[in-house]
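Dumping the structure here so I can ask a few things about it.
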Amino acid sequence: MAYWLVKSEPFKYSWDQFVKDKKTFWDGVRNYAARNNLKAMKKGEQVLYYHSNEGVEVVGIAEVAKEFYQDPTTAEEAWVVVDLKPVKKLKRSVPLTAIKADKRLADMALVKLSRLSVQPVTEHEWNVIMELAGEQ
DNA sequence: GCCAACGTTGGC
DNA sequence: GCCAACGTTGGC
């Protein structure tokens, strides 16, 4: 069971819009590292939903509803999407500043590889985020 | 709006 | 195959 984190700019596709849609395909990934992470996602795995630029915080949890398939928005075979559905909004959003301030999260891809838009999250990191969010 | 970090492109 | 130039992302 792996954990993931996806980034979205809220003015482009916000958590609220995601909840309203009930499901979305995660398109627009045009980076090989991010693409490889999409391909590694398995149905049912949990995904942190992060708002970049505005908010700059983890706002909710999503779940992989369908494993990767050809990106319907491009003819280029290199690119894929996955389907995601919302699970729940976090009790408290976890801002990047809180993540950076927590020593246990110093190695998170979010901190180290800030430009990667789809990234793996370790179980340990996941648990710390849940704690900071007031969950569990 | 600025700028650092990083990925990609293209000339050699 | 190297590396400089360029474009994009994303935090501040």
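A, B, ... follow the sequence lines: proteins, then strands. Residue 1 opens every chain. Quick caveat, the model's predicted, so the values are computed rather than measured.
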Sorted by chain and residue number, the side chain to side chain donor-acceptor pair (under 3.5 Å) partners of A/D16 (sequence neighbours excluded) come out as none
So, do A/S8 and A/Y50 sit near enough that their side-chain heavy atoms are less than 4.5 Å apart?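 A/S8 does not reach A/Y50 side chain to side chain.
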Would you please name every residue forming a side-chain contact (heavy atoms from CB on, under 4.5 Å) with A/A40, sequence neighbours left out?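 Testing A/A40 for side-chain contact (heavy atoms from CB on, under 4.5 Å), a comparison that skips the adjacent residues, returns A/W4.
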Using only atom types and a distance under 3.5 Å, with no angle test, would you say the side chain of A/K85 pairs donor to acceptor with the backbone of A/K22?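 No.
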What does the inter-axis angle of the helix from B/dG1-C/dC12 to B/dC12-C/dG1 come out as, five pairs per end, nearest 10 degrees? 10°
Contact residues, residues 31-39 of chain A to DNA chain B [heavy atom, < 4.0 Å]: A/N31, A/Y32
For residues A/V81 and A/L38, determine if any side-chain heavy atom of one lies less than 4.5 Å from a side-chain heavy atom of the other.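 No, side chains not in contact.
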For the residue pair A/E131 and A/N127, confirm or rule out a side-chain donor-acceptor distance under 3.5 Å. no
Check: residues 57-69 of chain A side-chain donor-acceptor pairs under 3.5 Å, at least two apart:
residue: A/E67; atom: OE2; partner: A/K43; partner atom: N; Å: 2.9
residue: A/Y69; atom: OH; partner: A/D83; partner atom: OD1; Å: 2.5

Looking at residues at least two apart in the chain, or sitting in another chain, which of them share a ring pair (Phe, Tyr, Trp, His ring centres under 6.0 Å) with A/W26? A/Y49
Going by side-chain contact (heavy atoms from CB on, under 4.5 Å), name the residues that satisfy it together with A/E77, two or more places apart in sequence or in a different chain.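 In terms of side-chain contact (heavy atoms from CB on, under 4.5 Å), with neighbours along the sequence ignored, A/E77 is linked to A/Q70.
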Can you find a pair of side-chain heavy atoms, one from A/E135 and one from A/L90, that are under 4.5 Å apart?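 They are in side-chain contact.
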What residues, two or more places apart in sequence or in another chain, satisfy side-chain contact (heavy atoms from CB on, under 4.5 Å) together with A/R30? A/D71, A/T73, A/T74, A/W79
Less than 4.5 Å apart, any side-chain heavy atom of A/L105 and any of A/I129? yes
For residues 71-81 of chain A, which residues have at least one heavy atom under 4.0 Å from DNA chain C? none
Go through DNA chain B in 5' to 3' direction and return only the first and the last nucleotide with some atom under 4.0 Å of chain A's heavy atoms.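 Range of nucleotides within reach of chain A: B/dA5 to B/dT8.
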List in numerical order all residues of residues 104-116 of chain A for which some heavy atom is under 4.0 Å away from an atom belonging to DNA chain B. A/K112, A/R115
Contacts satisfying side-chain hydrogen bond (donor to acceptor under 3.5 Å, both in side chains) that involve residues 109-120 of chain A (not counting sequence neighbours) are A/D107-A/K112
Measure the shortest side-chain to side-chain distance between A/M41 and A/V6 over non-hydrogen atoms and say whether it is less than 4.5 angstrom. yes
Result of checking A/I99, A/D102, A/T122, A/V94 against A/V128 for side-chain contact (heavy atoms from CB on, under 4.5 Å): A/D102
